[in-house]
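The structure appears below as structure tokens.
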Amino acid sequence: MSVIKTDALKKTYMLGKVPVPALRGVDIDVVKGEFVALMGPSGAGKSTLLNMVGMLDSPTSGDIFIDGTNVSTLSENMRVDFRLEKIGFIFQFFNLFMELTALENVILPMMLLGKDMNECRRQGRELLHLVGLDERENHLPSELSGGEQQRVTIARSLVNNPSFLLADEPTANLDTENASQIVTLFRRLNAELGITIFMVTHEEELGQKADRIIRLRDGVVV
């Protein structure tokens, strides 16, 4: 079953009056349980495609299907709800709230959906255990290393049991050792829990750890 599917996806930005094509008709298909790396040089369209799949931006033309739903046709409010329930986001900048503890950062998406606080805390602790941060739940982000902060982000991305994880250069702000550990964690989550992962990376060594690599160049799949 396709978790992510795009059909003739195009995105053109306007630079003044000059059209600048970022995606030129992209067709991809990521099936349930796959770990896919999206790679390509700067300016290839990787971030644009990621923003389209994550419903953070809208295509100029073409369709995007998430779990069989054509999200291109959803209203903005429906897109927000769909995004919160279906997609786990992991960015290169950890996007943690500095005044919240690790546990509070993890359970924030559940709280936004109005779930019971006791259940939020129980599930949050389970996820921190999953990423190896049992003893860090009451620490603020400023008290955590970069690798630990990214693990908190990964735990948070899993809290609503999303259809897939969308990871945008998740190791860009980490040293080599921590970067390798994060991708190894992705590999374990994918293998043990069957979590679908769609990861953008410019690191060939990290991309090779995925099941499959999709390569973009000049806005097309090559």
Side-chain angles (χ1 to χ4, degrees), residues 2-6 9 11 22-57 59 64 66 83 86-96 127 130-133 141 144-158 162-222:
S2 295
V3 178
I4 305 167
K5 184 177 177 62
T6 68
L9 197 64
K11 180 65 176 182
L23 299 177
R24 302 169 183 259
V26 172
D27 300 322
I28 64 169
D29 194 350
V30 178
V31 301
K32 185 175 178 59
E34 267 197 305
F35 179 7
V36 175
L38 179 64
M39 303 190 69
S42 296
K46 302 187 301 298
S47 293
T48 301
L49 178 57
L50 202 79
N51 287 339
M52 299 295 112
V53 171
M55 294 183 288
L56 300 174
D57 197 358
I64 306 163
I66 305 296
R83 192 162 53 232
K86 291 285 188 178
I87 306 174
F89 289 95
I90 304 163
F91 299 103
Q92 58 178 296
F93 302 106
F94 312 128
N95 291 341
L96 299 176
L127 289 170
L130 185 66
V131 300
L133 291 178
L144 302 173
S145 69
E148 289 172 332
Q149 289 185 58
Q150 192 61 296
R151 286 172 182 267
V152 172
T153 303
I154 293 169
R156 182 180 62 191
S157 74
L158 294 168
S163 296
F164 64 94
L165 299 185
L166 202 59
D168 184 12
E169 297 280 7
T171 63
N173 289 320
L174 301 177
D175 59 34
T176 302
E177 180 180 354
N178 276 302
S180 180
Q181 289 176 359
I182 290 299
V183 178
T184 298
L185 175 59
F186 283 157
R187 181 78 275 177
R188 179 167 66 83
L189 294 172
N190 172 258
E192 295 179 4
L193 303 180
I195 296 169
T196 307
I197 300 174
F198 190 49
M199 176 184 73
V200 170
T201 182
H202 64 276
E203 297 285 351
E204 186 71 31
E205 181 180 351
L206 300 180
Q208 292 294 337
K209 293 186 177 183
D211 297 326
R212 178 164 62 97
I213 296 175
I214 296 174
R215 297 186 188 273
L216 284 182
R217 182 178 294 274
D218 297 328
V220 296
V221 175
V222 296

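Numbering starts at 1 and runs along the sequence shown.
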*asked:* Going by salt bridge (Lys or Arg N to Asp or Glu O under 4.0 Å), name the pairs with one or both residues in residues 182-196, residues two or more places apart or in two chains.
replied: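 Passing the test, one end in residues 182-196: Arg187-Asp211, Arg188-Glu192.
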_Going by side-chain contact (heavy atoms from CB on, under 4.5 Å), Pro59 matches just one of Thr6, Leu9, Leu49. Which one?_
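Passing option: Leu9.
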*Can you tell which of Ile195, Ile87, Val152, Ile90 makes a side-chain contact (heavy atoms from CB on, under 4.5 Å) with Ser157?*
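That would be Ile90.
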In Å and rounded to the nearest 0.5 Å, what is the [atom1] to [atom2] distance from [X] to [Y]?
X: Leu158; Y: Leu189; atom1: CG; atom2: CG; value: 6.0 Å
X: Leu206; Y: Thr176; atom1: CG; atom2: OG1; value: 8.5 Å
X: Ile154; Y: Phe186; atom1: CD1; atom2: CZ; value: 4.0 Å
X: Ile64; Y: Ile4; atom1: CD1; atom2: CD1; value: 10.0 Å

Check whether any side-chain N or O of [X] sits under 3.5 Å from a backbone N or O of [Y] as a donor-acceptor pair, and report yes or no.
X: Lys209; Y: Val183; result: no
X: Thr184; Y: Ser180; result: yes
X: Lys46; Y: Glu169; result: no
X: Arg83; Y: Met55; result: yes
X: Arg24; Y: Val220; result: no

For [X] versus [Y], what's the shortest heavy-atom pair and its separation?
X: Leu166; Y: Gly54; value: CD2-CA, 3.5 Å
X: Thr201; Y: Met39; value: O-CG, 3.6 Å
X: Leu174; Y: Ala179; value: CB-N, 4.0 Å
X: Gly88; Y: Pro162; value: N-CB, 3.5 Å
X: Ile182; Y: Gly147; value: CD1-O, 4.0 Å

For [X], check salt bridge (Lys or Arg N to Asp or Glu O under 4.0 Å) against everything at least two apart and list the hits.
X: Asp218; answer: none
X: Lys86; answer: Asp67
X: Glu148; answer: Arg136

Sequence neighbours excluded and cut-off under 3.5 Å, please list the side-chain donor-acceptor pairs for residues 25-36, or say none.
{"from": "Asp27", "atom 1": "OD1", "to": "Ala8", "atom 2": "N", "distance (Å)": "2.5"}
{"from": "Asp29", "atom 1": "OD1", "to": "Ser2", "atom 2": "OG", "distance (Å)": "2.5"}
{"from": "Asp29", "atom 1": "OD2", "to": "Ser2", "atom 2": "OG", "distance (Å)": "3.2"}
{"from": "Glu34", "atom 1": "OE1", "to": "Val31", "atom 2": "N", "distance (Å)": "3.1"}
{"from": "Glu34", "atom 1": "OE1", "to": "Arg212", "atom 2": "NH2", "distance (Å)": "2.9"}
{"from": "Glu34", "atom 1": "OE2", "to": "Arg212", "atom 2": "NE", "distance (Å)": "2.9"}
{"from": "Glu34", "atom 1": "OE2", "to": "Arg212", "atom 2": "NH2", "distance (Å)": "3.4"}

*Should we count CD of Glu177 as having more than 12 external heavy atoms under 6.0 Å?*
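12 or below, so no.
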*When you look at Leu216 and Val221, which way does the side chain to side chain contact (heavy atoms under 4.5 Å, CB included) test go after all the steps?*
CA-CA 5 Å; Leu216 284 182; Val221 175; 3.7 Å; yes
_Which residues share a ring pair (Phe, Tyr, Trp, His ring centres under 6.0 Å) with Phe91, sequence neighbours left out_ =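 Phe91 satisfies ring pair (Phe, Tyr, Trp, His ring centres under 6.0 Å) with Phe89 only.
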So, do [X] and [Y] sit near enough that their side-chain heavy atoms are less than 4.5 Å apart?
X: Asp175; Y: Gln181; result: no
X: Thr153; Y: Arg151; result: no
X: Ser47; Y: Asp168; result: yes
X: Gln150; Y: Asn173; result: no

_side chain to side chain contact (heavy atoms under 4.5 Å, CB included), that's the test. Do Asn95 and Arg156 meet it? Break it down for me._
CA-CA 11 Å; Asn95 291 341; Arg156 182 180 62 191; 4.1 Å; yes
_CA sep, side-chain torsions, deciding dist, call: Lys11, Asn51, side chain to side chain contact (heavy atoms under 4.5 Å, CB included)_ = CA-CA 11 Å; Lys11 180 65 176 182; Asn51 287 339; over 6 Å; no
*Please lay out, stage by stage, how Ile66 and Val53 fare under the test side chain to side chain contact (heavy atoms under 4.5 Å, CB included).*
CA-CA 8 Å; Ile66 305 296; Val53 171; 4.3 Å; yes
